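Here the structure is a predicted model, which is why all the values come from computation and not from measurement. Hydrogens, waters and symmetry mates play no part in the numbers below; they use all other heavy atoms, side chains included.
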Amino acid sequence: MHEQYSPREIEAAAQAHWDAQKSFVVSEQPGKDTFYCLSMFPYPSGKLHMGHVRNYTIGDVIARYQRMQGKNVLQPMGWDAFGMPAENAAMKNNVAPAKWTYENIAYMKSQLKSLGLAIDWTREVTTCKPDYYRWEQWLFTRLFEKGVIYRKNGTVNWDPVDQTVLANEQVIDGRGWRSGALIEKREIPMYYFKITAYAEELLSSLDELDGWPEQVKTMQRNWIGKSFGADIAFDYDVASVGIEGQLKVYSTRPDTLMGATYVAVAAEHPLAQRAAENNAELQAFIAECKAGSVAEADMATMEKKGLATGQFVLHPLTGDKLPVFVANYVLWGYGEGAVMAVPAHDERDFEFANKYDLPIKQVYAGEGKDYDASQWQAWYGDKDGLVTINSGKYDGKGFLDAFDAIVADLEASGHGARKTQFRLRDWGISRQRYWGCPIPIIHCPSCGDVPVQEDQLPVVLPEDVVPDGAGSPLAKMPEFYACSCPKCGSAAKRETDTMDTFVESSWYFARYASPNYEGGMVDPQAANHWLPVDQYIGGIEHAILHLLYARFFHKLMRDEGLVSSNEPFKNLLTQGMVVAETYYRTLENGGKDWFNPADVEVERDAKAKVIGARLKSDGLPVEIGGTEKMSKSKNNGVDPQAMIDAYGADTCRLFMMFASPPDMSCEWSDAGIEGANRFLRRVWRLAHGHVGAGLPGELDKSSLNDEQKAVRRAIHLAIKQASNDVGQNHKFNTAIAQVMTLMNVLEKAATASEQDRALLQEGLEAVALLLAPITPHICHELWQQLGKAGAVIDAQWPQVDESALVQDSLTLVIQVNGKLRGQIEVPASASREDVEAAARANENVQRFTEGVTIRKVIVVPGKLVNIVAN
RNA sequence: GCCCGAAUGGCGAAAUCGGUAGACGCAGGAGACUUAAAAUCUCUCGCCAGCAGUGGCGUGCCGGUUCGAGUCCGGCUUCGGGCACCA
């Protein structure tokens with residue numbers, strides 16, 4: 001055994017061993033417990049960032065731990081390879097997105113390998129390859145025929161200068177990121193997945209996902225947003241509207257219908273359009289509503305504006321005329337594109353009514369609950385005993401009674417119906433972009449939209465195209481779009497839109513089960529062997545969209561008979577971000593120049609508190625900007641490759657796992673990685689000394705002295721706590737802390753006798769096994785050096801010897817009135833009476849109980865005694 | 001704006017069921033070894049008072065429940081994630 005810990009050699013040797021043994025290539029093994037451990041696959045952006053290192057280390061620790069539990073572990077990896085960054089890089093460097101993407105994949109794959117991940121690379125999946133997206137297109141055609149996919153208009157951000165559709169991310173303060181032009185909303189035809197048909201099931205089966213964080217399930221529930229309410233129809237006032245008809249709205253508060261004082265419609269609503277025909281002011285306002293991005297966050301934060309249309313509708317219960325407003329906060333394409341407004345009991349309506357001097361009619365009241373018109377209050381009848389007022393025949397009712405009575409009358413007169421509604425909208429997947437999976441539809445002048453026939457799949461995306469930022473290049477390529485109709489044979493046009501990249505990432509987890517299968521999307525036998533995924537790991541930012549779409553796709557695949565389970569991911573671990581300190585100087589133009597932490601030196605006061613920072617190159621001060629997510633824009637990224645080269649993969653993995661628990665954000669620290677490296681050197685040094693003296697014989701557990709018992713207790717305490725931390729709680733930071741504590745004991749332990757050395761052997765074996773999932777390379781070497789046959793990856797996770805944990809005496813804490821006043825040592829077998837007596841006898845306790853009466857003594861066995869006195 | 005989280009020493013964090021706040025590590029301070037440096041080792045390290053034993057204060061803020069609150073309840077503040085075309 002070398003004296004020095006040299007990660008480069010050890011890691012190369014361990015990786016060579018795994019490669020040669022094909023250690024991580026798995027196949028279905030009937031009868032053996034399987035464990036499918038999946039980390040969210042990366043977008044091949046260029047090189048690995050620390051978030052990847054963190055994600056894949058967490059997954060690897062879990063995978064290796066499960067293997068040590070004797071499971072047949074599948075851990076695959078692939079590439080989420082379609083997406084906008086490739087097109088942006090293409091425009092910047094004049095290189096085809098395909099070439100850029102494949103080069104990135106090759107480099108990032110070599111980086112992943114250097115991390116020593118226990119991945120079955122024979123199952124690698126790349127979503128931009130035809131052998132993958134072919135099956136996506138196949139499913140599309142099946143779902144189109146079933147009606148689960150349909151076509152309708154959707155709203156997009158339109159850049160009138162670049163003549164192209166922009167993603168929300170590409171709209172900055174209402175302007176196109178490249179052209180600077182004011183963005184407008186535009187309606188275009190798109191394909192939609194009818195995810196709303198699965199809303200009820202997506203909601204109810206969340207209850208079965210015991211292994212998901214409650215936080216994520218809550219977010220999904222709220223996103224799906226099941227609500228109970230009613231459709232309400234307002235007859236047009238023919239005199240002002242000019243035609244007969246009904247305005248439909250949905251409301252969760254029909255109980256407040258008697259308080260409705262106006263209605264508001266979206267700019268695109270037919271009533272608004274009709275009113276604008278001879279009204280220039282209204283036309284201008286509608287145009288204004290159409291400016292800006294479609295993002296909901298923008299819509300919700302902008303100033304609420306409206307304009308009266310001059311039209312009226314009739315209140316369905318009273319026949320009163322209510323004015324119709326066009327309002328920029330009413331969303332077209334969401335519900336009916338119209339809302340009824342009850343200013344007295346809705347915050348937004350209240351603001352709007354005050355701004356435009358509309359009447360406010362209170363319909364709920366209660367004793368001592370005088371309505372304060374300066375402040376909106378969400379009054380539900382059932383809360384605090386409130387009842388309806390100003391509501392005619394509906395007066396004096398609580399929420400449910402008012403709701404039922406009003407809806408019953410609406411239903412009777414044909415002006416409404418009870419309705420359950422979801423917030424969830426159908427999923428529009430058409431993208432007017434090149435680098436994505438082609439939508440397999442042919443537009444025929446006589447047959448309409450015809451799906452591409454199965455034997456014609458895949459519709460292959462040409463890979464040698466460089467986009468120019470002005471619309472999709474495919475739309476300018478007759479060699480791509482010119483085709484004949486599969487039904488009638490006449491000249492037709494192929495769809496040139498591609499699919500949302502979320503589609504590829506919605507089913508890759510299933511493809512890993514049979515990545516090279518050519519008979520279908522998945523080989524059902526293999527898919528059902530591995531699925532559902534036992535542990536899924538990825539960033540919290542995917543809590544809603546990606547995870548909801550993947551759950552939806554799993555159900556679609558189930559309904560196609562491809563998989564038998566209802567949910568794709570049994571257990572979910574959402575990992576926090578990797579953050580780092582930021583440093584900047586303010587430029588003359590007000591902008592900021594960001595400096596990488598590696599180029600900055602921090603200054604500390606005598607108490608080690610940071611008081612400033614200077615740039616290393618010029619020695620002048622820089623501003624400290626606080627810790628933020630590692631990003632290009634803040635220039636606070638730390639290159640994992642540089643760290644692996646400098647310290648080795650094990651040190652990087654150890655630091656990442658030790659710095660914080662996986663679901664919290666993790667702050668990068670150069671000093672911290674030094675500490676991780678120091679710890680591994682300590683382990684190496686202790687093992688080196690031990691091995692150099694010759695391996696000892698068997699430990700005789702029955703003849704340990706007190707010090708040896710204490711050492712052995714430390715070993716098994718570490719095993720017990722680390723097992724719990726790794727296996728149950730996924731708290732790798734505290735598991736590592738347990739091993740560090742054990743190392744502190746082992747380093748100080750005696751080595752004089754053969755028995756001492758046998759005990760140290762047991763301790764070092766425990767250290768090697770407990771660290772094996774986290775720092776696999778050094779443990780691979782240590783295991784061999786400790787004279788063990790077989791590789792540590794195939795070893796069993798260590799077992800706790802409970803008899804080693806038994807203690808003769810315990811230390812109890814004594815409190816007086818909840819304040820710590822002393823400690824006592826009692827035999828483990830002491831009775832409650834003995835413990836109480838010992839506590840009362842404590843000198844400090846007597847000092848604090850002198851002159852007062854002891855009212856009560858609380859004894860918490862094994863923990864503390866609290867004496868209550870006054 | 002709406003939904004979901006988070007906040008504990010100089011720093012990352014720990015405290016499994018309401019029971020010793022700060023395990024483990026980083027940074028700092030003092031010392032040992034060394035010609036010197038690196039590496040390593042020993043001690044120290046929440047704040048205030050005290051030579052010390054010890055005492056007071058302390059888990060973002062305000063209030064509550066409890067023998068006892070970082071943990072539970074009510075009300076805030078700040079920061080972060082998501083908001084359907086970033087992935």
[X] side-chain N/O to [N] phosphate OP1/OP2 under 4.0 Å:
X      : N     : result
A:N733 : B:C24 : no
A:R423 : B:C2  : no
A:R678 : B:A27 : yes
A:N817 : B:G68 : no
A:K731 : B:U16 : no
A:T741 : B:A23 : no

Conformer about C1'-N of B:G60 - syn within 90° of 0, anti elsewhere: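 Because its glycosidic torsion lies more than 90° from 0, B:G60 adopts the anti conformation.
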Only Watson-Crick and G-U wobble pairs, only distances under 3.5 Å, only runs of 3 or more: what stems does that leave for RNA chain B?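 Paired runs of 3+ in RNA chain B: B:1-7 with B:77-83, B:10-12 with B:24-26, B:28-32 with B:40-44, B:46-49 with B:54-57, B:60-64 with B:72-76.
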Taking atom NZ of A:K152 as the centre, does the number of heavy atoms from other residues, nucleotides or ligands within less than 6.0 Å exceed 12?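 Result for NZ/A:K152: enclosed.
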When you look at NZ of A:K305, are more than 12 heavy atoms from neighbouring residues, nucleotides or ligands closer to it than 6.0 Å?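 12 or below, so no.
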Of the listed nucleotides B:G25, B:U40, B:C85, the one nearest the side chain of A:V165: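 Selected nucleotide (nearest to the side chain): B:C85.
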Just to be sure I understand the rule, does A:A676 reach a base, reach only the sugar-phosphate, or reach nothing, if contact means heavy atoms closer than 4.0 Å?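 It contacts nothing in the nucleic acid.
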What I want to check is whether an N or O donor and acceptor connect the side chain of A:N866 with the base of B:C67 at under 3.5 Å.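 Under the 3.5 Å cut-off, the side chain and the base do form a donor-acceptor pair.
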Let me spell it out: for each of A:R431 and A:A300, pick the nucleotide of RNA chain B with the closest heavy atom. Which residue's pick is nearer the 5' end?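 Between the two, 5'-proximity favours A:A300.
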Pick the closest RNA chain B nucleotide for A:K304 and for A:R433 by heavy atoms, then say which residue is nearer the 5' end.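 Mapping each residue to its closest nucleotide by heavy atoms, the 5'-most match is A:K304.
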Which letters describe nucleotides 50-60 of chain B, given B = protein heavy atom under 4.0 Å from base, S = only from sugar-phosphate, - = neither? ----SSSS---
